[in-house]
Amino acid sequence: RRIPMEQAFRSFTIIGLAGITILSAFFIIMIIDQPPPIKALFEIFSALGTVGLSLGSSLNNDCSFAFDLSFVGKLMIILVMIIGRVGTLTIGSALLRPHLIEYKYPTEEVVIG
C-alpha cells in the first residue's frame with residue numbers, strides 16, 4: 001500500500017503549522033515573562049497536545065506553571081490549547097483563505113412505473 005500525496009502534504013502542513021504555533025508562543029512567552037526555557041517549552045507542548053501536564057509553579061505548589069505567567073503568557077497558553085483542540089490545519093485553512101463550497105444533492109435513479 002502507499003499513502004496518497006494529498007495526505008502526505010496535509011501531514012507536512014500540520015507539522016509546519018504546529019511548529020509555527022509552538023515557536024510563536026515560545027518567543028512571545030520568553031520575551032514577556034522570561035521563564036526557564038525548558039519549563040516554557042514543556043507547558044507549550046502540553047497545551048498544544050491538550051494533555052494537561054505541567055511542571056508546577058515555583059510560587060505556589062498547588063498550581064500549574066501557568067500561575068507564574070503574566071496575563072499575556074496565560075493568554076498564549078489558552079490560545080495554544082484552543083489551537084491544539086481544534087486543530088492546526090482547521091485553524092490555518094480558516095484563516096488563510098475563504099472556501100467557496102458548492103453543495104449538490106446526490107442523484108439517484110428511482111424506479112418509475
Would [X] and [Y] show up in the same hydrophobic cluster when neighbours are defined by side-chain heavy atoms closer than 4.5 Å?
X   : Y   : result
I28 : F67 : no
M30 : I20 : no
L41 : I15 : no

Distance, nearest 0.5 Å, that separates [atom1] of [X] from [atom2] of [Y]:
X   : Y   : atom1 : atom2 : answer
F12 : M5  : CZ    : CE    : 8.0 Å
T21 : F26 : OG1   : CZ    : 15.0 Å
Q7  : I14 : CD    : CD1   : 10.0 Å
I22 : I44 : CD1   : CD1   : 8.0 Å

Table please: side-chain donor-acceptor pairs of residues 47-54 below 3.5 Å, with sequence neighbours left out.
unit_1 : atom_1 : unit_2 : atom_2 : d
S54    : OG     : E43    : OE1    : 3.0
S54    : OG     : G56    : N      : 3.4
S54    : OG     : F65    : N      : 2.9

Quiz item: Taking all non-hydrogen atoms of both residues, which atom of S57 and which atom of L59 are closest, and how far apart?
Solution: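 What the structure gives for the nearest pair is OG-N, 3.0 Å.
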
Quick one: does any side-chain atom of [X] pair with a main-chain N or O of [Y] as donor and acceptor, under 3.5 Å?
X   : Y   : result
D33 : S70 : yes
S46 : F42 : no
N60 : D62 : yes

Would you be so kind as to tabulate the donor-acceptor pairs closer than 3.5 Å made by side chains of residues 74-83, with sequence neighbours excluded?
none

Self-check item: Student check: side-chain heavy atoms of P35 and I29 closer than 4.5 Å
Solution: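 Yes. Closest side-chain heavy atoms under 4.5 Å.
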
Quiz item: Has I3 got more than 12 heavy atoms of other residues, nucleotides or ligands less than 6.0 Å from its CD1?
Solution: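 Atom CD1 in I3 is not crowded, with 12 or fewer foreign heavy atoms closer than 6.0 Å.
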
